[in-house]
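Computed over heavy atoms, backbone and side chain alike; hydrogens, waters and symmetry mates excluded. Since the structure is predicted, the reported quantities are computational estimates derived from the model, not experimental observations.
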Amino acid sequence: MMALVAHIIPAAVREGHAHGAVSMEADQCKLKVDSYFMHFTGYQPQSSRAEFCEDIPEVGRTIIVLDFVDQSLRDIPVSVNLARDDGARTGDTMYTPSSILYIPPKKYPNGTIKIDVNFEQAGRYIGMVAIENGERNVAKFPFDVGRGWSLIRLLAWCLVLVSAAIGTFLWTWRRNAIAQNLPAASEK
């Protein structure tokens with residue numbers, strides 16, 4: 001049992017870190033496009049107050065906020081595309097037939113992009129953020145929608161199974177210990 005848990009958890013952790021340009025740093029999600037950084041935060045106001053960084057726990061209305069870390073990025077046109085991952089290679093093309101949201105390049109003098117999108121279907125998606133600074137630089141990051149917190153669920157189920165196994169072992173051991181002491185007590 002423990003060997004199974006020891007193999008499953010690292011695999012889930014590796015899967016969770018395969019999110020391209022989005023990373024966790026000092027409790028903040030960061031998105032890197034070329035040499036520029038943005039803070040990335042997601043919310044689902046109808047279901048939870050929790051923030052998320054990578055995968056989106058449920059289908060439905062989602063607010064994604066990109067805050068520019070680099071002041072100079074405020075003077076550069078930025079575009080955003082969210083698309084279903086249909087397996088087709090998009091290269092640096094920002095708009096695809098599977099796009100569910102496309103924001104054409106524009107400057108954000110306040111340094112914040114607020115995206116309000118409704119994910120209607122669970123599945124795999126790709127986010128793309130491009131900066132148009134003489135040439136197009138695109139950061140792509142795959143993410144899942146509506147598949148829950150798989151690592152947390154896995155750990156919770158592992159905890160339940162390990163607790164049940166330990167509980168069963170202790171109950172059986174205690175029952176056997178009592179059964180062995182009963183004949184000795186009745187002989188006295």
Heavy atoms of A130 and R136 approach each other most closely as CB-CG, 4.0 Å
Test item: L66 and L31 side chains (from C-beta on) under 4.5 Å apart, heavy atoms: yes
Quick one: are N137 and E135 in side-chain contact, heavy atoms under 4.5 Å? yes
Group every Ile, Leu, Val, Met, Phe, Trp and Tyr by side-chain heavy-atom contacts under 4.5 Å, then state whether Y43 and I113 land in the same group. no
Taking the side chain from D55 and the backbone from D144, do they hold a donor-acceptor pair closer than 3.5 Å? yes
For Y36 and N133, does a side-chain donor sit closer than 3.5 Å to a side-chain acceptor? yes
Y125 vs F143 aromatic rings, parallel, tilted or perpendicular, using cut-offs 30° and 60°? parallel
Is there a chain of hydrophobic side chains (I, L, V, M, F, W, Y, each step under 4.5 Å between heavy atoms) that links M38 to Y108? yes
Are any non-hydrogen side-chain atoms of R61 and Q44 less than 4.5 angstrom apart? no
Below 4.5 Å, heavy atoms only, C-beta onward: do T62 and F52 meet side chain to side chain? yes
Given the side-chain rings of F141 and F40, with only the six-membered ring counted for Trp, is the space between their centroids under 6.0 Å? yes
Backbone of P105 reached by a side-chain donor or acceptor of S79 within 3.5 Å: no
Just so I know, are the side chains of N118 and E120 near enough to count as touching, which here means a heavy-atom distance under 4.5 Å? yes
Check: G60 main-chain N/O paired with Q46 side-chain donor or acceptor under 3.5 Å: no
Correct closest heavy-atom pair for G127 and L82 would be CA-CD2, 3.8 Å
Could you check whether any side-chain heavy atom of I115 comes within less than 4.5 Å of a side-chain heavy atom of I63, counting everything from C-beta outward? no
